[in-house]
Amino acid sequence: MGFKLKRLTPIIEWGTLLGSTILVCLFLVIILWEIASKGASVVSWDFITTLPKEAMTKGGILSPIIGTVLLTLITALFAIPFGICCAIYLNEYAQDNMLTRLIRAAIRNLSGVPSIIYGLFGLALFVQALNMGTSLMAAGLTLGLLSLPYIITTTEEALMRIPQSTREGALGVGATQFECIKDVVLPSAMPGILTGVVLTLSRAAGETAPILFTGAAFYINGTNGYMNQEFMALPYHLYMLSTQHQAIEEVRPIAYGTALILVVVVFLMNLTAFYIRYKYRKND
């Protein structure tokens, strides 16, 4: 009896894993089909390149697209340099002591903080304390804070995968520690770093709660072009059309079209991350 149970255990575990995977993929396919089937009829070149009109009941989503691009750009400019530099310091320079371990634990705990908490923190720090007001810059910096723990963690993990012998070899031929990191360690870890960065930015591009408090606007009659003004973004635009608009039934097709565009943007960013990893692995 014990022998049969021992043989059945791997089959049960594999079957449970396979069944869970199929169930999750099934729900994902249903959701994507719902969005694609109802949003494809709305999406067109005019829909993408036209400004919203008449309180978003007509027109396209050019303003939310521009706002999302600018928001992601500010997030990247703030989070990527700081995140990578922090990870390099923690992995390459900092000593393995209690303080370093506490810092690492704090960074990993920050990764699990709900995004709405970052929104409230951004409201208190950037909007009120630093007098930025509700603006594109305040929202971008808030998303940058949200993205920092993920970029630090993924970058440090990529650096940890580089064998210590690689560093010792570079130092052995006369390179300084800075030259070793710049010319040997970072290029070797770049696939993991870039993958983590792109996936983090794709997540940030779809966040609604942080920008809800820091600068996203319901409707702007024009494009987003100023860092110190409110802006429109795809996730908040979708939220308003789906839940808060006074004519929900009338704008429902636009909401599905917006959702489809947002899904495509996030999918392309994730596909870029996979392509980067594949390209670097192939070169290796």
Report yes or no: do Y275 and V264 belong to one cluster of Ile/Leu/Val/Met/Phe/Trp/Tyr joined by side chain heavy-atom distances under 4.5 Å?
-> no
Does any non-hydrogen side-chain atom of L159 lie less than 4.5 Å from one of L186?
-> yes
Mind listing the side-chain donor-acceptor pairs of residues 254-261 below 3.5 Å, one per line with the distance, residues two or more places apart or on another chain?
residue	atom	partner	partner atom	Å
Y256	OH	E34	OE2	3.4
T258	OG1	I254	O	2.8

Which value, rounded to the nearest 0.5 Å, describes the distance between I193 atom CD1 and S188 atom OG?
-> 10.0 Å
Give, for atom OG of S147 and atom CZ of R203, the distance between the pair rounded to the nearest 0.5 Å.
-> 7.5 Å
Mark yes when over 12 heavy atoms from residues, nucleotides or ligands other than F82 sit less than 6.0 Å from its CZ; otherwise mark no.
-> no
Shortest non-hydrogen contact between A138 and G133, atoms and distance | CB-O, 3.6 Å
Under the side chain to side chain contact (heavy atoms under 4.5 Å, CB included) criterion, do L28 and V24 qualify, and how do the steps go?
-> CA-CA 6 Å; L28 178 62; V24 171; 5.5 Å; no
Flag yes if I31 and Y239 sit in one hydrophobic cluster, no otherwise; membership is Ile, Leu, Val, Met, Phe, Trp, Tyr, and two members link when side-chain heavy atoms are under 4.5 Å apart.
-> yes
Quick one: pull up CZ in F231 and CD1 in I74 and give me the separation to the nearest 0.5 Å.
-> 8.0 Å
What is the ring orientation for Y89 with Y93, classed by angle as parallel under 30°, tilted 30 to 60°, or perpendicular over 60°?
-> parallel
Of all heavy-atom pairs between T68 and A205, which one has the smallest distance, and what is that distance?
-> CG2-O, 4.1 Å
Approximate separation, where rounding is to 0.5 Å, of R104 CZ and T153 OG1 = 10.0 Å
Validation row: R101, D96 side chains within 4.5 angstrom (heavy atoms) = yes
Side-chain heavy atoms of M132 within contact of N228, under 4.5 Å | no
Do the non-hydrogen side-chain atoms of L18 and I22 ever get within less than 4.5 Å of each other?
-> yes
Is any side-chain heavy atom of V69 less than 4.5 Å from a side-chain heavy atom of L73?
-> no
Heavy-atom nearest pair, P187 first then K182, reads CD-O, 3.4 Å
Residue pair L62 / T49: nearest heavy atoms and the distance that separates them | CD2-O, 3.5 Å
Distance from L71 atom CG to M137 atom CE, nearest 0.5 Å?
-> 10.5 Å
Under 4.5 Å between side-chain heavy atoms, hopping through other hydrophobics if needed: is there a path connecting L77 to L201?
-> no
N270 and S202 have their tightest heavy-atom pair at ND2-OG, 3.6 Å
dist E230:CD -> T214:OG1 (nearest 0.5 Å) comes out at 10.0 Å
Could you check if a side-chain atom of L90 sits within less than 4.5 angstrom of a side-chain atom of T100, using non-hydrogen atoms only?
-> yes
Within-4.5 Å side-chain heavy-atom neighbours: P149 and N109 = no
Check: T243 side chain, M240 main-chain N or O, donor-acceptor pair, under 3.5 Å | no
Would you check, one step at a time, whether the test side chain to side chain contact (heavy atoms under 4.5 Å, CB included) holds for T166 with V185?
-> CA-CA 8 Å; T166 303; V185 177; 5.7 Å; no
Verify, without hydrogens or angle tests, whether S111 (side chain) and I107 (backbone) share a donor-acceptor contact under 3.5 angstrom.
-> yes
Is L143 reachable from V113 through a run of hydrophobic residues whose side-chain heavy atoms are each under 4.5 Å from the next?
-> yes
I84 and M160: same hydrophobic cluster, using ILVMFWY side-chain contacts below 4.5 Å?
-> no
For V184 and I162, run side chain to side chain contact (heavy atoms under 4.5 Å, CB included): C-alpha distance rounded to whole Å, both residues' side-chain angles, the deciding distance at 0.1 Å, then the answer.
-> CA-CA 9 Å; V184 179; I162 308 303; 5.9 Å; no
Does a side-chain heavy-atom distance below 4.5 Å link L148 with L110?
-> no
Candidate pair F213 and V127, rule side chain to side chain contact (heavy atoms under 4.5 Å, CB included), full reasoning | CA-CA 9 Å; F213 299 103; V127 177; over 6 Å; no
Shortest non-hydrogen contact from C180 to A175?
-> N-CB, 4.4 Å
Do Q177 side-chain atoms and E92 backbone N/O form a donor-acceptor pair below 3.5 Å?
-> yes
